[in-house]
Chemist: 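Below is a structure I'd like to ask you about.
To find a chain, count down the sequence lines: A is the first, B the second, and so on, and within it residues start at 1. Hydrogens, waters and symmetry mates play no part in the numbers below; they use all other heavy atoms, side chains included.
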Amino acid sequence: MEIIALIKVKDMKEMQTTYNPKDFEDRIYADWMEGKYFHAEIDPKKVPFTVMMPPPNITGQLHMGHAMDETMQDTVTRFKRMQGYSVLWLPGTDHASLATEHKIVEKLRSEGTSKENLGREEFLRRAWAWKEQYGGKIIGQLKKLGSSCDWDRLAFTMDDRCSKAVREAFCRLHEKGLIYRGSRIINWCPDCRTALSDEEVAYSEDKGSFWYFNYPVKGSEEFITIATTRPETMLGDTAVAVNPNDERYAHLVGKTLVLPLVGREIPVVADDYVDVEFGTGAVKITPAHDPNDFEVGLRHNLPMIKVLNDDGTVNGEGGKFQGLDRYEARKRIVEEMKEKGLLVKIEPHTHNVGHCHRCNATLEPIVSKQWFVRMKPLAKPAIDAVVKNKTKFVPDRFAKIYFNWLENIRDWCISRQLWWGHRIPIWYCTCGEVICSRETPSVCPKCGGTDLKQEEDCLDTWFSSALWPFSTLGWPEETPDFKYFYPTDVLVTGYDIIPFWVMRMMFSGIEHTGKVPFRDVLIHGLVRDEQGRKMSKSLGNGIDPLEVIEKYGADSLRLSLLTGIAPGNDTRFTDTKVEWARNFINKVWNASRFVLMNAKGEKVPKFEEIKLQPADRWIISRLMSTVREVTLSMQKYDLGIAADKLTDFVWEDFCDWYIELSKPALYGEDKERKRAQLGVLMYVLENTLKLLHPFIPFVTEEIYGYLPGVKGKIIVADYPRYNTKYSYKKEAKAFEGVIDLVKTVRAMKVAVNCPPAKKVHLFLVTEQKRLVCVNKNAILRLAGASEIDFISDGAEAGEKTVSQVCELGHLFVPLGELVDFKEERARLEKELERVEGEIARAGGKLANNNFIAKAPKKVVDDERAKLEKFIDMKKKIEKQLSDL
RNA sequence: GGGAGCAUAGCUCAGUUGGUUAGAGCGCACGCUUCACAUGCGUGAGGUCACAGGUUCGAGCCCUGUUGUUCCCACCA
């Protein structure tokens, strides 16, 4: 027997009796950093595997949703790294233009100043300081979680790399005519004072009112009654529309109205857009402040009168209402209309109102000159790529959501009236020339003038995020990184981000690089609170991942986030789940400790040279099928299933059974057998740790360090491979009989209230004598028995026995005074009833010719075997009943 | 109005391409100071898989419909 190692175990005293993550998590992470294990190397001999971290906003700190997102990515990348891929997980943060600027503006306000006071330059200086502070905080949190990302390639959406890519992408789109500037109705946030894209609007059902106003018809006593939810916009009315088929108003079409309070003369127009059934069937038309009215205005060539300033106050068009806030103006207008007798009625009305997804202010649709990306030509290839499976959604139902968005997409408003962000690379010359340039131009190419002014606006933050999969790799340069790592392999993100980001990366990647940016999109759900509510600031129900790490350790947090989850489904975060995870890891810790303690000072043989016993083959077989199942699940990104299979194996098979089964040998006299036993324990432990590592990296690395004969770190160890040589299917199946026997004895003892400590004598009618003999000591120990004897008939077990049919045969246990014949009879009868039910079920199936003819042979054979087994059981139980 | 999800044990959820007697955790009951672990061990109770049809030899799983529920999108001023 070859000796692989004298136990090197750092003194076992170092391993505490309970798992204490604080002892090692930070140290382990530092070791990984030190060893540069996260750094991705361009290695032509390896296959690259690339994941781009969705860059967290620098607005604050990581929440539970991030924790899950990052854990999933880390688990996948660690798995792939161990499988031998050249793994790049590229981390970064997002400047989050609007969100960050909003926060800084708020902060300035609390300091009694404003961004206007500071000026653009000083404001940007502050913003960069903010970035340093919060960006750094986020990175610290990612490290706490155990994220194995390549910090050498850390990116920021406004760093030089990304900025260069943004300018390139903008200019290319502009040159192709896919970016234009125009006056359109856009969503305007009067608080943030910027335009927003359609995707950034959050609608909510708000309670409001419906005001009915009379507009007098010019040169007549007649009125036309309109209804509105936003009276203040009447200042900008340039028509009233009715449905062309509406007989009530047919005579008024073409007539002129006098707009109350303003005095402007406006026409009555006929337009299909108007719903006869709704309101009064007459709609005031404010083309400058309503998207539908805007369209009506275009069709009827109506003037557009903008009545609101950027901050939501009434402008000069509003006459005496000028300068009032929109809501104050609303109040005054209603009052005046009432005074003039033009207010017909007010009805309560609930309607969907758009809010700024950042500051929640009620948005105003406003006509404004903005920059847009023409979406139709870009959407098409992005749809095709998913149709053709070049990019796959996991689970695939999210492809539908993606299609839904792209098929109904409107042009993307990309300009923001903000300072923090990528400034649009457009310059205006006094001669009227508009220059789009990658570099800051010094002269106008048209007139040669040098008085060039750069566009004040910034780009939507998602414009730069859209380039993330390749801008971070150096695009537009054909850098070695770009060539090796792009396209990326999988994008991991939540379903709520599909319209903002996934979709935009898709069309941007295809447009700019000619390739889809990622092969798979792994979509996960939201992390909710214990009651299933979304975690939010306003509810105050958010749980800080760092607090959980502080209390339970990062591994526990990670495992709790990955167990019991199904792809794409929301999950609830509960304390009991983390506790379960902590308990599980403690189990791993103690099982390891047990193996190592027993191995201390022993010469442990190589696994390959051990003569395996049935129990050994059983655990090896279980290990192998676990390796296979876990690997398959991981490859399909079924992390929840993989975690379940793995934890089941570790806790039940390895800890509850195999370790217990191994004790007689470990405590026995036979030194050789003891060493062999240790060899198997060590082998299973080592492989188990490797399988667990992607999920709970810290503790597995820590324990790995204690293993004898192991060199290097587990983070770069080879992932276990399924080996058919060790599948031992038949033997493992046979061994299940031993387990069943032990369980049967235990259950019998409990059934008759036999004290667990009382050793019983077992009598067994079986054909598997050898299997039982080999495992005799383990059986006696686990079942709490004193002796086991083979008999050929139950009578040999004596009087006052209880019996039970089990997989290995028929078990009899004399229990003397404990046996209550009445109870025993009842128990057997209940068992008989169950078995008869099974016989009826299986028999019925087999009596069906269609089943025999159409079901696969294996299914039929299994059913036959089952029937035989139950018939045999029935006979034995009946005999036992008659013997009683 | 359009789309998607969910409905399985008291609670929270798994359930891989349809195929043994539908699983887990927590909780519950009973019993264990068994020399790795009480963050533990053992045994157990608990489910007409929302409802109604259909396809199939066979349905928790596939199809149709119904009900309840959650979410996304669109939106009537």
Side-chain angles (χ1 to χ4, degrees), chain A residues 15 17-19 198 203 210 226-230 233 240-241 273-275 277-286 290 292-293 296 349 351-352 397-398 400-401 403-405 408 495-496 498-499 525-526 530 532 534 552 556 563-566 568-572 574-577 579-598 629 632-633 636 638 640-641 644 647-648 655-656 659-660 663 667 743 746-751 753 755-757 781-782 784 834 837-838 841-842 845 848-856 858-860 862-863 865-866 870:
Chain A
M15 270 191 103
T17 53
T18 50
Y19 152 70
D198 295 339
Y203 287 92
F210 221 3
I226 55 91
T228 181
T229 55
R230 293 186 297 156
T233 61
V240 164
Y273 151 70
V274 182
D275 181 350
E277 306 290 325
F278 191 80
T280 63
V283 187
K284 64 190 261 321
I285 300 297
T286 325
D290 183 279
N292 291 306
D293 294 7
V296 175
H349 183 64
H351 58 150
N352 238 354
R397 66 183 140 92
F398 288 102
K400 288 182 199 167
I401 292 175
F403 292 141
N404 217 321
W405 273 98
N408 300 304
Y495 57 72
D496 50 332
I498 293 173
L526 268 35
E530 196 137 18
K534 218 163 157 172
Y552 297 97
S556 298
T563 38
I565 59 160
N569 284 6
D570 290 353
T571 174
R572 295 185 197 205
T574 62
D575 269 353
T576 54
K577 236 173 168 176
E579 271 166 26
W580 170 83
R582 191 266 321 267
N583 294 352
F584 171 76
I585 297 168
N586 183 60
K587 193 77 185 171
V588 172
W589 180 264
N590 273 292
S592 308
R593 203 164 63 92
F594 172 81
V595 175
L596 291 168
M597 269 170 48
N598 283 288
E629 287 172 335
L632 284 173
S633 299
K636 287 189 287 183
D638 276 334
I641 291 175
D644 279 355
T647 52
D648 271 8
C655 294
D656 291 346
I659 285 185
E660 294 306 324
K663 283 178 179 174
Y667 301 150
K743 288 186 147 191
R746 285 170 174 170
M748 281 169 90
K749 286 172 89 172
V750 170
N753 287 320
R781 181 187 177 94
L782 298 192
R834 185 184 72 89
E838 290 302 329
R841 196 195 49 78
K845 248 184 167 176
N848 182 341
N849 285 333
N850 276 327
F851 175 69
I852 307 285
K854 293 186 180 176
K858 185 178 182 317
V859 174
V860 178
D862 286 354
E863 205 62 43
K866 220 187 315 172
F870 283 123

Chemist: Could you measure between the two C1' atoms, the one in B:G15 and the one in B:G60, and give it in whole Å?
Modeler: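 One C1' to the other, the span is 8 Å.
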Chemist: Using a cut-off of strictly less than 4.0 Å, decide whether A:N583 has a side-chain nitrogen or oxygen near OP1 or OP2 of B:C37.
Modeler: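 No, A:N583 has no side-chain N/O under 4.0 Å of OP1/OP2 on B:C37.
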Chemist: Given B:A36, B:C57, B:U43, identify the nucleotide with an atom nearest to the side chain of A:F594.
Modeler: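 Side chain of A:F594 sits closest to B:A36.
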Chemist: Determine the Euclidean distance between corresponding P atoms of B:C49 and B:C72; express it in Å to zero decimal places.
Modeler: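 One P to the other, the span is 32 Å.
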Chemist: Could you tell me the Watson-Crick or G-U partner of B:C30, where both distances fall under 3.5 Å? Say none if there is no partner.
Modeler: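 Partner of B:C30: B:G42.
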Chemist: Between A:F210 and A:F278, is the ring centroid distance below 6.0 Å?
Modeler: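 Yes; A:F278 has its ring centre under 6.0 Å from that of A:F210.
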Chemist: Please give, in whole Å, the distance from B:A4 P to A:N569 CG?
Modeler: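 The answer, rounded to whole Å, is 16 Å.
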Chemist: Is it true that, when you exclude A:K743 itself, more than 12 heavy atoms of the residues, nucleotides or ligands shown sit nearer than 6.0 Å to its NZ?
Modeler: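 Atom NZ in A:K743 is not crowded, with 12 or fewer foreign heavy atoms closer than 6.0 Å.
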Chemist: Take atom C1' in B:U66 and the same atom in B:G23, then report the distance between them in whole Å.
Modeler: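 It comes out at 29 Å once rounded to the nearest Å.
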Chemist: Could you state the CG-P distance from A:D570 to B:A4, rounded to the nearest angstrom?
Modeler: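 Rounded to the whole Å, the gap is 18 Å.
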Chemist: For the side chain of A:W580, starting at C-beta, report the closest nucleotide among B:G25, B:A77, B:C37.
Modeler: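 Ranking B:G25, B:A77, B:C37 by closest atom to the A:W580 side chain puts B:G25 first.
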Chemist: Categorize A:F870 for me: base, sugar-phosphate, or nothing, with a 4.0 angstrom heavy-atom threshold over every strand shown.
Modeler: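 A:F870: base contact, heavy atoms under 4.0 Å.
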Chemist: For the residue pair A:H351 and A:H349, does the interplanar ring angle fall in the parallel (under 30°), tilted (30 to 60°) or perpendicular (over 60°) class?
Modeler: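 Taking A:H349 first and then A:H351, their aromatic rings sit tilted (interplane angle of 30° to 60°).
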Chemist: Could you let me know what B:U64 is paired to, Watson-Crick or G-U wobble, both distances under 3.5 Å, or none if it's on its own?
Modeler: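 Pair assignment: B:U64 / B:A52.
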Chemist: Describe the nucleic acid contact of A:R230 in one word from base, sugar-phosphate, nothing, applying a heavy-atom distance below 4.0 Å.
Modeler: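 Answer is nothing: A:R230 stays at 4.0 Å or more from every strand.
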Chemist: With both distances under 3.5 Å as the test, what is the Watson-Crick or G-U wobble partner of B:G1?
Modeler: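 B:C73 - that is the nucleotide pairing with B:G1, both distances being under 3.5 Å.
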Chemist: A:N850 or A:K534: which one's nearest nucleotide on RNA chain B is closer to the 5' end?
Modeler: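 Closer to the 5' end of RNA chain B: A:N850.
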Chemist: Please determine, for the side chain of A:K854, which listed nucleotide (B:C57, B:C72, B:C37) has the closest atom?
Modeler: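 The answer is B:C57.
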Chemist: Flag this pair as yes if the NZ/CZ of A:K663 is under 6.0 angstrom from the six-membered ring centre of A:F594 and inside a 45 degree cone about the axis; otherwise no.
Modeler: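 Flagged: A:K663 positioned over aromatic ring of A:F594.
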Chemist: What I want to find out is whether A:R230 reaches A:D290 closely enough, with some N-O distance under 4.0 Å, to be called a salt bridge.
Modeler: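 Here A:R230 pairs with A:D290 in a salt bridge, since their nearest N and O are under 4.0 Å apart.
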Chemist: Mind checking A:G640 for me? I need base, sugar-phosphate or nothing, with any heavy atom below 4.0 Å counting as a touch.
Modeler: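 No contact.
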Chemist: With no hydrogens and no angle check, do the side chains of A:T233 and A:K284 hold a donor and an acceptor under 3.5 Å apart?
Modeler: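 Per modelled atom types, A:T233 and A:K284 side chains form a pair under 3.5 Å.
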Chemist: How long is the line joining CG of A:N590 and C1' of B:U39, in whole Å?
Modeler: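 Checked: the CG to C1' distance equals 9 Å.
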Chemist: Looking at A:Y203, I'd like to know whether one of its side-chain N or O atoms comes within less than 4.0 Å of OP1 or OP2 on B:C71.
Modeler: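 No, because none of the side-chain N or O atoms of A:Y203 sits under 4.0 Å from OP1 or OP2 of B:C71.
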Chemist: When the C1' atoms of B:G27 and B:G44 are compared, how many Å lie between them, rounded to an integer?
Modeler: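 Roughly 14 Å separates the two C1' atoms.
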Chemist: Can you tell me how far C1' in B:C37 sits from the matching atom in B:C57, rounded to whole Å?
Modeler: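 Rounded to whole Å, the distance is 50 Å.
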Chemist: Between atom CD1 in A:I659 and atom P in B:C37, what is the gap in whole Å?
Modeler: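 Those two atoms, CD1 and P, are 12 Å apart.
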Chemist: Which whole-number value in Å describes the distance from A:I641 CD1 to B:G23 P?
Modeler: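 Going from CD1 in A:I641 over to P in B:G23 covers 16 Å.
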Chemist: Please confirm whether the shortest side-chain N or O distance from A:R781 to OP1 or OP2 of B:U34 is below 4.0 Å.
Modeler: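 So the side chain of A:R781 is outside the cut-off, no N or O lying under 4.0 Å from OP1 or OP2 of B:U34.
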Chemist: Name the pairing partner of B:A22, where a pair is Watson-Crick or G-U wobble with both distances under 3.5 Å, or state none.
Modeler: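 The answer is none; no pair meets the criterion.
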Chemist: Among B:G44, B:G3, B:A77, find the nucleotide with the atom closest to the side chain of A:A747.
Modeler: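 Of the options given, the side chain of A:A747 lies nearest B:G44.
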Chemist: Which listed nucleotide (B:C57, B:G19, B:G5) is nearest to the side chain of A:R397?
Modeler: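 Taking heavy atoms from C-beta onward, the closest nucleotide is B:G5.
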Chemist: Looking at every strand, decide which applies to A:P856 at a 4.0 Å heavy-atom threshold: base, sugar-phosphate, or nothing.
Modeler: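 A:P856: base contact, heavy atoms under 4.0 Å.
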Chemist: Decide yes or no on salt bridge (charged side-chain N to carboxylate O under 4.0 Å, His left out) for A:E863 and A:K866, but give the supporting numbers first.
Modeler: CA-CA 5 Å; A:E863 205 62 43; A:K866 220 187 315 172; 3.0 Å; yes
Chemist: Using heavy atoms to find the nearest nucleotide of RNA chain B for A:W405 and A:E579 separately, return the residue whose nucleotide is more 5′.
Modeler: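 Of the two residues, A:E579 wins.
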Chemist: Just call it for A:Y495: base, sugar-phosphate, or nothing, with non-hydrogen atoms closer than 4.0 Å on any strand.
Modeler: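 Nothing: the residue A:Y495, judged by heavy atoms under 4.0 Å, touches no strand.
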Chemist: Considering every strand and a 4.0 Å limit on heavy-atom distances, what is the contact class for A:A227: base, sugar-phosphate, or nothing?
Modeler: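 Base, at least one base heavy atom under 4.0 Å.
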Chemist: If I pick the C1' atom on B:G40 and the same atom on B:U34, what distance separates them, to the nearest angstrom?
Modeler: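 Roughly 11 Å separates the two C1' atoms.
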Chemist: Any idea which of B:A36, B:A77, B:U39 is nearest the A:N586 side chain?
Modeler: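 Side chain of A:N586 sits closest to B:U39.
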Chemist: Between A:D198 (CG) and B:C72 (C1'), how many Å, whole number?
Modeler: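 To the nearest whole Å, that distance equals 15 Å.
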Chemist: Name the closest nucleotide to the A:T576 side chain, picking from B:C26, B:C37, B:U16.
Modeler: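 Nearest nucleotide to the side chain: B:C26.
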Chemist: Measuring from the side chain of A:D644 (C-beta onward, heavy atoms only), which nucleotide among B:A14, B:A36, B:A77 has the closest atom?
Modeler: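 The answer is B:A14, which lies nearest to the side chain.
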Chemist: Classify the nucleic acid contact of A:T574 as base, sugar-phosphate or nothing, counting any heavy atom under 4.0 Å across all strands shown.
Modeler: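 Nothing, no heavy atom under 4.0 Å.
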Chemist: Does B:C35 pair with anything, Watson-Crick or G-U wobble, both distances under 3.5 Å, and if so, with which nucleotide?
Modeler: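 Paired with no nucleotide.
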Chemist: Salt bridge or not between A:K858 and A:D862? Use side-chain N to carboxylate O under 4.0 Å.
Modeler: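 The answer is yes: the pair qualifies as a salt bridge.
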Chemist: Using atom P in both nucleotides, what's the gap between B:G54 and B:C41 to the nearest angstrom?
Modeler: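 Per the computed distance, 48 Å lies between those P atoms.
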Chemist: So what does A:N848 hit on the nucleic acid, given a heavy-atom distance under 4.0 Å: a base, only sugar-phosphate, or nothing?
Modeler: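 It contacts sugar-phosphate atoms only.
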Chemist: If you take atom types as modelled and just measure distance, does the side chain of A:R582 reach the base of B:U39 with a donor-acceptor pair under 3.5 Å?
Modeler: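 Answer is yes: a donor-acceptor pair is held.
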Chemist: For a quick check of understanding: with a heavy-atom distance under 4.0 Å over all strands, which category does A:V283 fall into, base, sugar-phosphate or nothing?
Modeler: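 A:V283: base contact, heavy atoms under 4.0 Å.
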Chemist: In whole Å, what separates the P atom of B:G3 from that of B:U20?
Modeler: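 Nearest-Å result for B:G3 against B:U20 at atom P: 35 Å.
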Chemist: Choose from B:U20, B:G31, B:C72 the nucleotide whose nearest atom is closest to any side-chain atom of A:P756.
Modeler: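 Nearest nucleotide to the side chain: B:G31.
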Chemist: Report which part of the nucleic acid A:D656 touches: base, sugar-phosphate, or nothing (heavy-atom distance under 4.0 Å, all strands).
Modeler: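 Since only primed, P, OP1 and OP2 atoms lie under 4.0 Å of A:D656, the category is sugar-phosphate.
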Chemist: Please state how far atom CZ in A:F584 lies from atom P in B:A24, giving the value in whole angstrom units.
Modeler: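 For the pair A:F584 CZ and B:A24 P, the rounded distance is 16 Å.
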Chemist: Any donor-acceptor pair under 3.5 Å linking the side-chain atoms of A:Y495 with those of A:N569?
Modeler: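 Not at all, the side chains of A:N569 and A:Y495 share no donor-acceptor pair under 3.5 Å.
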Chemist: Donor-acceptor check, side chain of A:N590 to backbone of A:R593, threshold 3.5 angstrom: yes or no?
Modeler: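 Side chain of A:N590 to backbone of A:R593: no pair is present.
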Chemist: Among B:C13, B:U43, B:U20, which nucleotide has an atom closest to any side-chain atom of A:K866?
Modeler: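 So the nucleotide nearest the side chain must be B:U20.
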Chemist: Please work out if A:K663 contacts a base, only the sugar-phosphate, or nothing of the nucleic acid, heavy-atom cut-off 4.0 Å.
Modeler: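 Contact class for A:K663: base.
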Chemist: Measure CG/A:D862 against C1'/B:C57 and give the value in whole Å, please.
Modeler: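 That distance rounds to 16 Å.
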